[in-house]
Amino acid sequence: MTQPLLEVSNVTLGIGRAGPTIVKDASLSIAPGEIVGIVGESGSGKTMLGRAILGLSPAPVGLVSGDIRFKGRSLGALDDAGLRAMRGSGVTMVFQEPMTSLNPSMRIGQQLEEGLALHGGIGRRERKARILDMLGRVGIADGERALAAYPHEFSGGMRQRIMIASAMLMRPALLVADEPTTALDAVTQRDVMDLLVGLTREHGTAVILISHDLPMVARYSDRILVMQTGEIVEEGRTAELLVAPKHGYTP
């Protein structure tokens with residue numbers, strides 16, 4: 001059998017070792033190219049679990065017990081430099097609100113080039129060509145103009161497209177998408193999700209799709225995990241879970 005791309009084994013996250021538990025004994029695995037949805041209401045722990053996969057748990061939240069392994073290597077064995085190297089071409093994340101991730105004082109071109117310069121190992125001319133190609137593929141027609149613009153000059157939907165472009169420029173093996181369409185209207189949500197899933201399918205990128213929106217997650221996911229108050233209470237193939245949920249919280 002193919003080795004899982006990501007293995008989360010009995011992970012408990014908490015505020016210190018004696019503080020409140022945020023996520024309790026969570027386990028999941030994801031295969032290369034697979035799309036796995038994690039659903040649950042606000043406060044269920046789904047975002048904290050997603051951030052922990054990248055080693056981005058906000059202080060003072062930390063790993064109390066368990067292990068997270070990416071491509072067979074434990075995140076606990078990586079120092080800060082190792083974690084930075086893993087992010088980008090290994091694992092990357094699209095956050096809920098792009099204005100919290102995009103630097104408002106930097107032009108879009110600078111921000112998109114930054115990751116490629118750090119992780120891509122390619123020259124400046126090739127970086128620009130790759131960026132312009134990706135902007136076109138996410139539906140931004142005038143790429144040259146976009147490179148010179150600032151984040152506030154774009155609508156919410158366009159900013160989210162830019163965030164997807166930024167993530168996919170690194171050609172990651174795993175993308176964690178945390179509520180990527182919450183702030184968008186229904187039509188734009190569908191367009192952005194179709195774009196995101198299409199690009200990841202094309203590149204063979206696995207996806208963890210985090211959302212409170214079960215119908216949206218079901219539309220795109222191969223499997224779904226349901227979280228409630230920090231615990232995974234149900235998981236299964238999408239079609240089976242929708243037709244015959246086993247836990248009372250799921251419907």
Side-chain angles (χ1 to χ4, degrees), residues 6 8 10-16 18-28 30 35-66 68 91-102 155-157 159-161 163-164 167 174-194 196-197 200 206-236 238 241-242 245-251:
L6 176 78
V8 176
N10 306 111
V11 162
T12 294
L13 304 174
I15 300 177
T21 298
I22 308 298
V23 172
K24 182 180 179 181
D25 198 32
S27 296
L28 66 95
I30 183 167
I35 299 181
V36 174
I38 302 179
V39 297
E41 62 190 343
S42 179
S44 63
K46 58 190 187 298
T47 291
M48 288 298 102
L49 182 58
R51 292 180 71 98
I53 290 167
L54 286 90
L56 291 176
S57 297
V61 176
L63 181 65
V64 176
S65 61
I68 299 171
V91 187
T92 193
M93 191 165 191
V94 173
F95 294 92
Q96 178 173 350
E97 173 46 62
M99 282 302 281
T100 64
S101 303
L102 294 170
S155 67
R159 286 195 294 266
Q160 198 62 292
R161 288 170 184 265
M163 282 301 302
I164 292 170
L174 174 63
L175 174 68
V176 180
D178 182 17
E179 299 279 13
T181 61
T182 296
L184 307 177
D185 64 76
V187 174
T188 307
Q189 283 182 0
R190 184 69 175 264
D191 289 345
V192 168
M193 281 306 306
D194 286 349
L196 185 149
V197 171
T200 55
V207 181
I208 295 177
L209 179 56
I210 299 170
S211 180
H212 67 279
D213 187 345
L214 178 57
M216 185 274 286
V217 170
R219 185 179 300 123
Y220 299 102
S221 299
D222 302 309
R223 289 188 292 121
I224 293 177
L225 289 79
V226 181
M227 292 192 71
Q228 182 185 27
T229 59
E231 296 186 66
I232 296 174
V233 297
E234 183 166 5
E235 63 178 294
T238 299
L241 185 142
L242 292 178
K246 295 180 175 63
H247 195 277
Y249 175 74
T250 301

Across all chains, not counting sequence neighbours, the salt bridge (Lys or Arg N to Asp or Glu O under 4.0 Å) partners of Glu179 are none
By salt bridge (Lys or Arg N to Asp or Glu O under 4.0 Å), Arg159 pairs with (sequence neighbours left out) none
Distance (rounded to the nearest 0.5 Å) between [X] [atom1] and [Y] [atom2]:
| X | Y | atom1 | atom2 | result |
| --- | --- | --- | --- | --- |
| Lys24 | Met227 | NZ | CE | 12.0 Å |
| Ile35 | Thr200 | CD1 | OG1 | 4.5 Å |
| Ile224 | Ile38 | CD1 | CD1 | 11.0 Å |
| Leu13 | Ser65 | CG | OG | 8.5 Å |

Please list all pairs meeting salt bridge (Lys or Arg N to Asp or Glu O under 4.0 Å) that have one or both residues in residues 181-193, counting only residues at least two apart or in different chains. Arg190-Asp194
Which pairs count as salt bridge (Lys or Arg N to Asp or Glu O under 4.0 Å) when at least one residue sits in residues 219-231, sequence neighbours excluded? Glu34-Arg223, Arg201-Asp222, Arg223-Glu235
So do the side chains of [X] and [Y] get within less than 4.5 Å of each other, counting heavy atoms only?
| X | Y | value |
| --- | --- | --- |
| Ile30 | Leu174 | yes |
| Thr188 | Thr181 | no |
| Leu225 | Val39 | no |
| Val197 | Val207 | no |
| Ile68 | Leu6 | yes |
| Met216 | Met193 | yes |

State which residues pass side chain to side chain contact (heavy atoms under 4.5 Å, CB included) with Ser27; sequence neighbours excluded, sorted by chain then number. Asn10
Residue set satisfying side chain to side chain contact (heavy atoms under 4.5 Å, CB included) with Leu242, at least two apart, ordered chain then number -> Leu214, Ala218, Thr238
Please answer whether the main-chain N or O of Val226 pairs with a side-chain N or O of Glu234 as donor and acceptor at a distance below 3.5 Å. no
Closest approach of [X] and [Y], non-hydrogen atoms and distance?
| X | Y | value |
| --- | --- | --- |
| Ser211 | Val217 | CB-CG2, 3.6 Å |
| Ala26 | Val8 | O-CG1, 3.5 Å |
| Tyr220 | Leu209 | CB-CD2, 4.4 Å |
| Ala167 | Leu175 | CB-CD1, 3.9 Å |

Carefully, step by step, assess Val91 and Val176 under the rule side chain to side chain contact (heavy atoms under 4.5 Å, CB included). CA-CA 7 Å; Val91 187; Val176 180; 4.2 Å; yes
Side-chain atoms of residues 46-55: list all donor-acceptor pairs with protein atoms under 3.5 Å, sequence neighbours left out, distances to 0.1 Å.
{"residue": "Lys46", "atom": "NZ", "partner": "Gly40", "partner atom": "O", "Å": "2.8"}
{"residue": "Lys46", "atom": "NZ", "partner": "Glu41", "partner atom": "O", "Å": "3.2"}
{"residue": "Thr47", "atom": "OG1", "partner": "Asp178", "partner atom": "OD1", "Å": "3.1"}
{"residue": "Thr47", "atom": "OG1", "partner": "Asp178", "partner atom": "OD2", "Å": "3.2"}
{"residue": "Arg51", "atom": "NE", "partner": "Leu56", "partner atom": "O", "Å": "3.0"}
{"residue": "Arg51", "atom": "NH2", "partner": "Leu56", "partner atom": "O", "Å": "3.3"}

